[in-house]
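FYI, the numbering just counts along the sequence from 1.
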Amino acid sequence: MVLPQEIIALKRDGQALKRAQIEAFVQGVVDGSFKDYQAAALLMAILLNGMDAEETACLTESMMRSGRVLQLHEIDRPKVDKHSTGGVGDKVSLILAPLAAACGLCVPMMSGRGLGHTGGTLDKLESIDGFNVYLSEAEFRAQLQTLHTAMIGQSSEMVPADRILYGLRDVTATVESIPLICSSILSKKMAEGIDALVLDVKCGRGAFMKTEADARELAGSLVRICEAMGRRASALISRMDAPLGFAVGNALEVIEAIECLKGRGPADLMEITYALTARMLELGGIVSEEGQARELMADALDSGSALEFFRGMVEAQGGDALVIDDYSRLPRAAELAEYRSESDGYVAGVDARLVGEAVCLLGAGRQASDDTIDPSAGIVLKKKPGDSVSRDECLCCIYYNDTARYEEALQRLEGAFAISTEPVEAPALIIDSL
């Protein structure tokens, strides 16, 4: 028997843990023999002393195997998913999943909820009346066979170790550890039964990783661990200084995603969607180079097949598919206000974190995991970095239902827009790829 304190002491002293010790830790967390205070002590030791690639891969695999692991052998399409490290206005998954499916992939996507200033895919989908993100395994498999895509939440049977450890990390200041981030992300993704994974690692004011160097380190670690576990992987490093697209807020982002599938999406949002989907198609063996992927994606959008895959997914998961043609069927805020510029000039920056915090204060996000979401609340930008602006011109529209919340959100927005007297060129959205 391996004693918890022995494992803690090894990592406290900077030593690498062996597979048996890591497996004992994960099993102990799930069955309760590793007490919360002992798990917290080991998490802190990992934060301070790190883990090498072999340890991190072993931790990821042990966490993955702490619950059910899907084997989707009955599906003959390549199974490829995408993960984003989170941002403001990031509704890429809503566009990418049906687009990739329309181009020949199977996309089994397990998504999460928003917490703090970043939004969550599940919250966006649930702004569609009736949409069910909790499918049984049989329902999930059946939908993947017929529609080739499904977007679901994590079931209680999958990766229970991550649910426990993430809760501890959140209250013990150990969230920032790259080995722990990697194992949390990849244990869930590997449990989906995928063949390959594309990662969007964001950096900047609205991202978890603030610097390019940190994002590059995380991206490299994620790709290496995927490959060590026998999955093909690729990562993009993208900028999250300004919100992605124009809409921030659940129902508003669903509308913008549908507009993208209708061929009317914002340039920045489509740029990152195209880049990530192209990588998925390459990893899945559908195409051999990006030019072919671009042609496939253009055909899927122009023909309407990508939109029909989205419609089919909404219908299959119990949602009101009529929202695709009638946005008034989505939740609508009672009040609308405009936030206006105080000067002439050019938009030098839109602080993604402040915009995300303002939207959260409006009720569209959570401060705590059990907070209730207002699906209609949010902000729609009217100006993006690089745009010219006149005094008293609208910078963004604010959708709200609660005046007190609106006043709080307004205080955040006061520092969100930087106006320059000189022309400004918006920085490149995609920084690098691995």
Side-chain angles (χ1 to χ4, degrees), residues 87-91 117-119 202 204-207 238-260 262-273 327-328 330 332-365 376-430:
V88 178
D90 184 359
K91 71 282 294 177
H117 74 281
T118 61
K202 298 188 178 298
R205 289 189 295 271
S238 67
R239 209 176 299 276
M240 181 40 70
D241 287 316
L244 191 56
F246 291 97
V248 185
N250 298 293
L252 297 171
E253 291 190 49
V254 168
I255 292 171
E256 187 165 71
I258 295 170
E259 285 293 294
C260 290
K262 291 177 178 178
R264 301 192 288 257
D268 61 340
L269 181 53
M270 292 311 301
E271 179 186 355
I272 191 69
T273 301
Y327 299 149
S328 70
L330 286 162
R332 305 178 75 178
E335 304 293 337
L336 170 63
E338 294 185 345
Y339 184 76
R340 297 179 176 274
S341 176
E342 296 181 354
S343 60
D344 298 330
Y346 301 86
V347 179
V350 183
D351 191 309
R353 185 175 189 92
L354 291 177
V355 172
E357 288 174 350
V359 168
C360 189
L361 287 169
L362 290 171
S376 68
I379 287 172
V380 175
L381 302 179
K382 295 300 180 181
K383 296 291 181 179
K384 299 271 280 181
D387 291 347
S388 61
V389 63
S390 301
R391 187 177 184 276
D392 205 38
E393 190 174 3
C394 181
L395 291 169
C396 67
C397 293
I398 307 168
Y399 295 80
Y400 66 100
N401 293 299
D402 184 301
T403 302
R405 285 180 174 271
Y406 166 73
E407 296 294 341
E408 284 187 285
L410 207 56
Q411 294 177 24
R412 286 291 197 282
L413 285 179
E414 287 175 0
F417 291 86
I419 307 298
S420 169
T421 57
E422 300 295 327
V424 175
E425 185 175 346
L429 178 61
I430 299 173

Counting only N and O atoms by type, is there a donor-acceptor contact under 3.5 Å from the side chain of Glu335 to the main-chain atoms of Thr403?
-> no

Rounding to 0.5 Å, atoms CG (Leu362) and CD (Glu408) come to a distance of 9.5 Å

Do side-chain atoms of Asp392 reach the backbone of Arg340 as a donor and acceptor pair under 3.5 angstrom?
-> no

Roughly how far apart are Ser238 OG and Ile272 CD1, rounded to 0.5 Å?
-> 4.0 Å

Test item: Leu361 and Gln411 side chains (from C-beta on) under 4.5 Å apart, heavy atoms = no

Results of side-chain contact (heavy atoms from CB on, under 4.5 Å) for Glu342 - residues two or more places apart only | none

Is the closest side-chain heavy-atom distance between Leu413 and Leu395 below 4.5 Å?
-> no

Any donor-acceptor pair under 3.5 Å linking the side chain of Arg239 with the backbone of Ala428?
-> yes

Side-chain (Lys91) to main-chain (Gly89) donor-acceptor, under 3.5 angstrom = yes

Taking the side chain as C-beta and beyond, is there a heavy-atom pair between Val88 and Leu244 under 4.5 Å?
-> no

Walk me through it: do Val254 and Ile258 pass the test side-chain contact (heavy atoms from CB on, under 4.5 Å)?
-> CA-CA 6 Å; Val254 168; Ile258 295 170; 3.9 Å; yes

Hey, can you pull the donor-acceptor pairs under 3.5 Å for the side chains in residues 378-387, sequence neighbours left out?
{"residue": "Lys383", "atom": "NZ", "partner": "Ser388", "partner atom": "O", "Å": "3.0"}
{"residue": "Lys383", "atom": "NZ", "partner": "Glu393", "partner atom": "OE2", "Å": "3.0"}
{"residue": "Lys384", "atom": "NZ", "partner": "Pro243", "partner atom": "O", "Å": "2.9"}
{"residue": "Lys384", "atom": "NZ", "partner": "Gly245", "partner atom": "O", "Å": "2.7"}
{"residue": "Lys384", "atom": "NZ", "partner": "Asp268", "partner atom": "OD2", "Å": "2.7"}
{"residue": "Asp387", "atom": "OD2", "partner": "Lys384", "partner atom": "N", "Å": "2.8"}

Could you tell me whether a side-chain N or O of Asp241 sits under 3.5 Å from a main-chain N or O of Arg205, the two making a donor and an acceptor?
-> yes

Selection residues 412-426 - residue pairs positive for side-chain hydrogen bond (donor to acceptor under 3.5 Å, both in side chains), sequence neighbours left out = Glu357-Arg412

Between CG of Leu336 and OH of Tyr400, what distance do you get to the nearest 0.5 Å?
-> 8.0 Å

Exercise: identify the closest heavy-atom pair between Cys260 and Leu269 | SG-CD2, 3.4 Å

Rounded to the nearest 0.5 Å, how far apart are CZ of Arg405 and CD1 of Ile398?
-> 14.5 Å

